[in-house]
Amino acid sequence: MGQTAFTRAEARAKLGTRVRTRVAFGEVPQGAVGTITGADRVLDGYDVEVEWGRAGRRPPWVDWVTKAEYEARLIELPSGGAS
């Protein structure tokens with residue numbers, strides 16, 4: 001089984017990355033687009049924070065994901081902002 005948390009370097013490298021969901025999870029629908037806005041220390045490494053843009057929602061919806069969740073549920077978008 002692979003590592004379930006990011007290393008500090010991996011988490012920091014993800015900051016600013018735009019992502020799209022492959023599948024719905026929690027309150028986040030399939031196809032939602034978000035941005036990695038933070039990283040936080042957990043027992044075995046780091047998790048990353050995703051800020052989901054939802055029209056009319058203030059503040060934006062924020063969700064924390066592990067490395068395993070990131071790899072299984074999210075797709076990184078090109079840095080040019082393609083949707």
Side-chain angles (χ1 to χ4, degrees):
M1 183 163 121
Q3 182 181 357
T4 60
F6 291 99
T7 64
R8 182 172 188 246
E10 289 171 332
R12 290 182 56 85
K14 297 290 184 198
L15 295 176
T17 301
R18 289 178 35 90
V19 294
R20 179 186 312 266
T21 57
R22 294 176 195 260
V23 297
F25 63 95
E27 293 187 38
V28 183
Q30 180 178 2
V33 175
T35 303
I36 307 301
T37 57
D40 197 24
R41 183 92 168 102
V42 294
L43 289 175
D44 59 344
Y46 287 79
D47 287 348
V48 295
E49 175 186 57
V50 184
E51 186 175 290
W52 302 103
R54 280 208 191 146
R57 184 171 173 106
R58 291 272 186 235
W61 178 258
V62 173
D63 198 16
W64 289 91
V65 295
T66 66
K67 182 177 184 177
E69 292 168 334
Y70 189 98
E71 292 173 347
R73 298 176 178 172
L74 303 177
I75 301 166
E76 291 186 5
L77 297 176
S79 59
S83 298

Please determine whether the number of non-hydrogen atoms from other residues, nucleotides or ligands lying under 6.0 Å from atom CZ of Arg12 exceeds 12. no
Honestly curious: do Val19 and Leu15 fall in one hydrophobic cluster under the side-chain, below-4.5 Å linking rule? yes
Does a donor on one side chain and an acceptor on the other come within less than 3.5 Å for Thr37 and Glu49? yes
Does a side-chain heavy-atom distance below 4.5 Å link Val65 with Val48? yes
Might you confirm whether atom CZ of Arg22 has over 12 heavy atoms from other residues, nucleotides or ligands at distances under 6.0 Å? yes
Report yes or no: does Thr21 contribute a side-chain atom to a donor-acceptor pair with the main-chain N or O of Ala32 at less than 3.5 Å? yes
Kindly compute the distance separating CD (Glu76) from CZ (Arg20), expressed to the nearest 0.5 Å. 13.0 Å
What pair of heavy atoms forms the shortest contact from Leu74 to Trp52, and how long is it? CD2-CH2, 3.7 Å
Heavy-atom closest pair, residues Trp64 and Asp47: CZ3-O, 3.7 Å
Do you know the tightest heavy-atom contact between Tyr70 and Ile36? CE1-CD1, 3.7 Å
Side-chain contact test, heavy atoms from C-beta onward, threshold under 4.5 Å: evaluate it for Glu69 versus Phe25 and give yes or no. no
